[in-house]
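Inspection log for the structure reproduced underneath, given as structure tokens.
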Amino acid sequence: MKVRTRFAPSPTGYLHIGGVRTALFNWLFARQHGGEFLLRIDDTDAERNVSAALQPILHGFEWLGIDWDEGPTKDGTSSTGPHAPYFQSQRGDKYRAAAEKLLASGHAYRDYADPAEIVKLREAAEKAKQNFVYPRDWAEHPSLPENAGRIAEAKAAGRQAVVRLFMPREGTLVIDDLIRGQVEFQWANESDHVIQRADGTCLYHLASVVDDYDMQISHVIRAEEHLSNTPRQIFIAQSLGYELPRYAHLPYVAEPGSKTKLSKRKLPKYLLNKDFAAVNDHGKKIGLAIKDAEKRIDQAIVQILEDIPNEFLDEPDCISLLKEIVVKAQFAALDKSKSVFTTEFTLQMTRQILEILDNENYARSYIKSIKNASKIYDLIDETFNPVIVDFYEQVGYLPHAIVNYLLLLGWSFDDKTEYFTQEEMIKGFSLERVNKAPASFDPKKLMSFQEHYFAELPAKKKTPRMIDYLKRAGLLPEKTECSTGPEVTKIIEAAGDRLKVYGDILNFSEFFVSDEALPVNAEELTKTFAKPGARDLLAAFRHELAKIEAFEVGPLETALKAFVDARGVKVGELIHPLRLALCGKTVGMGLYDTLAILGKERCLARIDLMLSKQTA
RNA sequence: GGCCCCAUCGUCUAGCGGUUAGGACACUGGCCUUUCACGCCGGUAACACGAGUUCGAUUCUCGUUGGGGUCACCA
């Protein structure tokens, strides 16, 4: 039998890191067996613009190199493949036909029960700590002629029926899972599930089983949360006379440092997670620079705080109360609008407020001061969150680093192999070696893969993407000259390992701004020039520098060393003021590289600028 | 709560009856160094607990505890 696997995303507008792993394992398995991997769109409940919401997902897969043989076209507007369409919203007829078939064979029934009644019964069962057995009092089924009377009445009253599965009430089902092994279920514990709504539309389980069969899926590799759903799906498949696919249930991906499943609903919360925060801050810095959003400040905080009366700030409990308000506001905003925009908005505000509130005294004065402020709060991007794949593309990760990391999240080849080429992954993958326990996502380890692969990439290959970032941050004009490429490459080479992602080039903005516009770190400035003689030393070296003909790393180093030796000072005494004058900060690449790249003219100009500021 | 799943360093994992319990990330001490980063050398750190089976259990069985999933006219 030909191996055919599938991944079935719903068009949510973004690609979740856990989903990617599931898709990756499906893809790997198919590729390894020379089979096919398909994408099927779970949009049975979609009212929104599917192709727009699908586009980021398809783009994410494309970026990661996970290609699909059948499914939606790349623009997400139509289907391509022998089993088209691959959108569940367009396959309703097939599901309805299957439902009819189940009805005809007695494997399903029309149910005229009142939904409100069912809810009550279910709650009662839970209260009584008992398994809820679905009552078939309103079931229209040949084996239950006693219901005929009341059903006739219900029909006459115009009550609508749903279609429910007529599940077995005895026996054991053993699922032979490729990852879990044999898992047993008692049929009696399975409830009569609804497969078709009163309005005739069909539900996920029916759709999924029908599609898997129709599309000849051989292996259903999916997240563990579906394990409990498998019995009813098997019942549907068997009742329809389908041959069963093999099942493999993957452990879910958990939050960093936790065993809790990563979930879309908690997206904003993740930025408060300390393991995500570092990675996110790094990314945010890049994101902010890209959008040239120095101005974006805490409008959200202002909004909340403006409503707070001043007297409130004198209350002893005001800080803890504010903390509560913030958390509530976050979730209220979440409920009100499902848009990520809102969640991003509130989470930014939450973080900032919580940071401020850590210091009570500061908080009081800050709140008071900001109450009068009015600033613009801009958003980076609605998908700017380290749980979403797009984040990594925006910040400038290598897709292979992500794929390699995800491969090892719940799977291992042996006790030491960590780095895999795509071919090695495909060759070495096996479901048998998939772990059963959930694995928590560690952004730091992902970063280590990124560093590894990024270091392997020659500077010249990084140049075009880095130029893109510089353009987007406004550090290079939209139309750059041909000579810019080699110049940027030189900077990339000199920066070396300091560049971990493409976006990191923005940390070296000093090479792209005018001498006058160079931002200078105020704190470092005060500290450095507070030292006696710092300014004079810099001034003296400026004259030395002016004499140098060959402005290159070697001669520069010789000259600087000779200068400090002659003066009997330590290298560091000169270097700090010099670096500050040239770069406006005290961290960065080698100083001789900096001098050489900047060139004599700009170096002298920047030193003069610094000296002129320090004379007073 | 019913049902199901899971359990090795902080994290990802190796281990499939006898190992000084191995590797990676993170953390950390040192070296290198004008800063930062890299690199190099070193260190801390784990078998959830309790019974069995066995000459011997991290490994097999059962139980306890803990974690998680799932129980929709969502997917």
Side-chain angles (χ1 to χ4, degrees), chain A residues 8-10 12 42-46 88 111 115 118-119 122 125-133 160-164 175 177 179-181 183-186 188-191 193-199 201-205 207-208 223-231 249 251-252 254 256-261 275 278 405 408-419 433 435-449 451 455 495-500 504 507 524 557 560-561 564 570-576 578-580 583 585-592:
Chain A
S10 7
T12 50
D42 264 354
D43 58 348
T44 49
D45 72 334
Q88 294 198 320
D111 185 26
I118 300 304
V119 171
R122 188 178 283 118
E126 187 165 327
K127 249 184 200 160
K129 304 184 179 185
Q130 278 178 340
N131 185 226
F132 175 67
V133 180
Q160 297 291 303
V162 297
V163 177
R164 278 184 192 273
I175 297 171
D177 190 280
I179 293 169
R180 312 261 138 188
V183 184
E184 282 190 19
F185 290 90
Q186 298 305 314
N189 291 330
E190 299 298 319
S191 184
H193 212 77
V194 175
I195 53 172
Q196 189 179 81
R197 296 185 183 97
D199 66 6
T201 56
C202 293
L203 268 5
Y204 169 75
H205 293 292
S208 180
E224 136 178 62
E225 65 207 68
H226 288 288
L227 187 54
S228 321
N229 298 329
T230 309
H249 287 93
Y252 60 88
S258 152
K259 292 288 177 209
T260 312
K261 197 180 134 192
D275 291 307
Y405 171 68
L408 262 12
L409 201 58
W411 179 84
S412 65
F413 182 75
D414 55 21
D415 58 339
K416 32 188 65 112
T417 316
E418 294 246 295
Y419 300 114
R433 288 193 64 86
N435 241 280
K436 290 186 201 172
S440 60
F441 179 67
D442 182 0
K444 284 185 181 160
K445 183 141 187 173
L446 167 55
M447 177 52 103
S448 88
F449 278 94
E451 286 179 47
D497 294 315
R498 293 169 190 85
L499 302 170
K500 298 183 195 302
D504 281 340
N507 291 336
E524 294 289 345
E557 182 168 3
L560 189 140
K561 291 248 163 84
V564 293
K570 281 189 196 153
V571 184
E573 288 179 55
L574 168 63
I575 277 176
H576 287 291
L578 182 55
R579 186 185 284 283
L580 206 54
C583 305
K585 57 192 183 192
T586 51
V587 296
M589 64 172 72
L591 187 70
Y592 308 115

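Just so we're clear, the structure is a prediction, and the values are computed from it rather than from any experiment. Naming convention: chains lettered A, B, ... in sequence-line order (proteins, then strands); numbering from 1 in each chain.
Here, B:U59 and B:A46 have their C1' atoms 15 Å apart, quoted to the whole Å. Separation of the P atoms belonging to B:U44 and B:G30 is 16 Å when rounded to the nearest angstrom. Rounded to whole Å, the separation between the P atoms of B:A37 and B:G29 comes to 13 Å. Nucleotides B:A21 and B:C47 place their P atoms 12 Å apart, quoted to the nearest Å. Rounded to a whole angstrom, the distance from the P atom of B:U58 to that of B:U19 is 10 Å. Separating the P atom of B:C16 from that of B:U11 is a span of 23 Å, rounded to the nearest Å. Using C1' as the reference atom, B:A48 and B:C9 are 14 Å apart when rounded to the nearest Å. Spacing between B:A75 and B:G63 at atom C1', rounded to whole Å, works out to 37 Å.
Every side chain to side chain contact (heavy atoms under 4.5 Å, CB included) that A:V571 has, sequence neighbours left out, goes to A:L560, A:V564, A:I575. Remark: A:R579 engages no residue in a salt bridge (charged side-chain N to carboxylate O under 4.0 Å, His left out) (not counting sequence neighbours). Residues passing the salt bridge (charged side-chain N to carboxylate O under 4.0 Å, His left out) test with A:E573, sequence neighbours excluded: none. A search for side chain to side chain contact (heavy atoms under 4.5 Å, CB included) contacts involving A:E225 returns A:A223, A:K261, not counting sequence neighbours. Residues satisfying the salt bridge (charged side-chain N to carboxylate O under 4.0 Å, His left out) criterion with A:K561, sequence neighbours excluded, are A:E557.
Residue A:K444 has its side chain nearest to B:A26 when only B:C4, B:A72, B:A26 are considered.
Proximity of A:R164 to the phosphate of B:C73: a side-chain N or O atom is located under 4.0 Å from OP1 or OP2. Residue A:S208 has no polar side-chain atom (N or O) positioned under 4.0 Å from OP1 or OP2 of B:A75. Considering only side-chain N and O atoms, A:S412 lies under 4.0 angstrom from the phosphate OP1 or OP2 of B:A14. Residue A:K259 has no polar side-chain atom (N or O) positioned under 4.0 Å from OP1 or OP2 of B:C5. Between B:G68 and A:T260, a contact under 4.0 Å exists linking OP1 or OP2 to a side-chain N or O. Residue A:N229 has no polar side-chain atom (N or O) positioned under 4.0 Å from OP1 or OP2 of B:C4. Within the structure, a side-chain polar atom (N or O) of A:R122 is placed less than 4.0 Å from OP1 or OP2 of B:A72. Under 4.0 angstrom from either OP1 or OP2 of B:C16 there lies no side-chain N or O belonging to A:R433.
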What are the atom names and distances for every N/O pair under 3.5 Å that joins the protein to nucleotides 19-21 of chain B?
none

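In this structure B:G39 sits in a base pair with B:C31, meeting the Watson-Crick or G-U test at under 3.5 Å. Nucleotide B:U11 forms a pair with B:A24, judged by Watson-Crick or G-U wobble geometry with both contacts under 3.5 Å.
The OH-P distance, from A:Y204 to B:C71, rounds to 11 Å in whole Å.
Among the heavy atoms of the strands lying under 4.0 Å from A:G590 is at least one base atom, whether or not backbone atoms are also near. When heavy atoms are screened at a 4.0 angstrom cut-off, A:K445 is found touching base atoms of the nucleic acid. Note on A:H249: nothing from the nucleic acid sits closer than 4.0 angstrom, heavy atoms only. In this structure, A:Y592 reaches the bases: a heavy-atom distance under 4.0 Å links it to at least one base atom across the strands shown. Contact annotation for A:K500: backbone-only contact, meaning every heavy-atom pair under 4.0 Å involves sugar-phosphate atoms and none involves a base. Within 4.0 Å (heavy atoms only), A:E573 reaches no atom of the nucleic acid at all. Nucleic acid contact for A:V162: base, since at least one base atom lies under 4.0 Å from a heavy atom of the residue.
Across every non-hydrogen atom of A:L446 and A:Y405, the tightest pair is CD1-CB, 3.7 Å.
Side-chain contact check for A:L203 versus A:H193: every heavy-atom pair is 4.5 Å or farther apart. With contacts defined as side-chain heavy-atom distances shorter than 4.5 Å, the pair A:P251/A:K436 does not qualify.
For B:C5, the base has no donor-acceptor partner in the side chain of A:R180 [N/O atoms by modelled type, under 3.5 angstrom]. Side-chain atoms of A:H205 come within donor-acceptor range of the base of B:A75, with a qualifying N/O pair under 3.5 Å.
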